[in-house]
Amino acid sequence: MQIDWLAFSPGPAFFGGILLGIAAALYVILHGRILGISGIVSGLLSPKGGDIDWRFSLVLGLLSAPLIGALFFGLQTTTVIDADWIVIIVAGVLVGFGANYGSGCTSGHGVCGLSRLSPRSLVATISFMGAGFLTVFVIRHVLGL
């Protein structure tokens, strides 16, 4: 994946962060649930009674957001992923394993957990970020890929 730095503007990212924070706060206030995407998606794999509609709606909203942004706000979402399918599948499995092992993902721990001053989320977020920085460093600077 590459970022087009010439077209990058912090405005949409800032606006998206504010929207995500508002959505996470409203989700806790209105439903008493943490907006952790990995937990919501994993609940789709083993649904409980009356549990699938809201999970499916939330995931559908997340997936359709770029389309809505492009159609109504003229936002361009060009993503270039320069990896083969094996790498993408292995990375997805590793991320899923890590989110399950860490009892949540970056949205659950990083956005919701840190805003609640959760020590567990602080440790998880530091672990996520540290592993990400180390992985990029090893892949780009040690292995030269």
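As the structure is a computational prediction, the values presented were derived from the model and not from experiment.
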Requested in this report: Using the test ring-ring contact (aromatic ring centres under 6.0 Å, His included), find all partners of F137 that sit at least two apart in sequence or belong to another chain.
Outcome: H141
Query raised in the report: For I86, which residues count as a side-chain contact (heavy atoms from CB on, under 4.5 Å) partner, sequence neighbours excluded?
Result: D84, V90
Report task. Kindly work out whether a path of hydrophobic side-chain contacts (I/L/V/M/F/W/Y, heavy atoms less than 4.5 Å apart) joins L117 to M129. Result -> no
Query raised in the report: Mind checking whether L67 and F72 sit in one hydrophobic cluster, side chains of I, L, V, M, F, W, Y counted as touching below 4.5 Å?
Result: yes
Distance-only donor-acceptor hits, side chain of residues 34-42, under 3.5 Å, sequence neighbours excluded:
from, atom 1, to, atom 2, distance (Å)
S38, OG, C105, N, 3.3
S42, OG, S38, O, 3.1
S42, OG, G39, O, 3.1

**Report entry** Pairwise ring-ring contact (aromatic ring centres under 6.0 Å, His included) hits with a residue in residues 21-42, at least two apart
**Finding:** Y27-H31
**Report entry** D53: side-chain contact (heavy atoms from CB on, under 4.5 Å) partners, not counting sequence neighbours
**Finding:** none
Query raised in the report: Going hydrophobic residue to hydrophobic residue with side-chain gaps under 4.5 angstrom, can you get from L58 over to V28?
Result: no
Would you give me the side-chain donor-acceptor pairs under 3.5 Å for residues 91-101, sequence neighbours excluded?
none

**Report entry** Remaining members of hydrophobic cluster (4.5 Å side-chain criterion), L19
**Finding:** F15
Report task. List in chain and number order the residues that pass side-chain contact (heavy atoms from CB on, under 4.5 Å) with L63, two or more places apart in sequence or in another chain; answer none if no residue qualifies. Result -> V59
Report task. Name all residues meeting the side-chain contact (heavy atoms from CB on, under 4.5 Å) criterion together with I18; count only those two or more places apart in sequence or in a different chain, and write none if there are none. Result -> F14, I22
Query raised in the report: Among pairs that include at least one residue of residues 97-117, which meet salt bridge (Lys or Arg N to Asp or Glu O under 4.0 Å), considering only residues two or more places apart or in two chains?
Result: none
Would you tabulate the side-chain donor-acceptor contacts of residues 44-52 under 3.5 Å, counting partners in other chains and residues two or more places apart, or write 'none'?
from, atom 1, to, atom 2, distance (Å)
D51, OD1, W54, NE1, 2.8
D51, OD1, R55, NE, 3.4
D51, OD2, R55, NE, 2.7
D51, OD2, R55, NH2, 3.0

Query raised in the report: Got a sec, which hydrophobics cluster with L122, joining ILVMFWY side chains under 4.5 Å apart, including via others?
Result: L114, I126
Requested in this report: Carefully, step by step, assess S118 and H109 under the rule side-chain contact (heavy atoms from CB on, under 4.5 Å).
Outcome: CA-CA 8 Å; S118 166; H109 284 298; 5.6 Å; no
Query raised in the report: Under 4.5 Å between side-chain heavy atoms, hopping through other hydrophobics if needed: is there a path connecting L62 to L20?
Result: yes
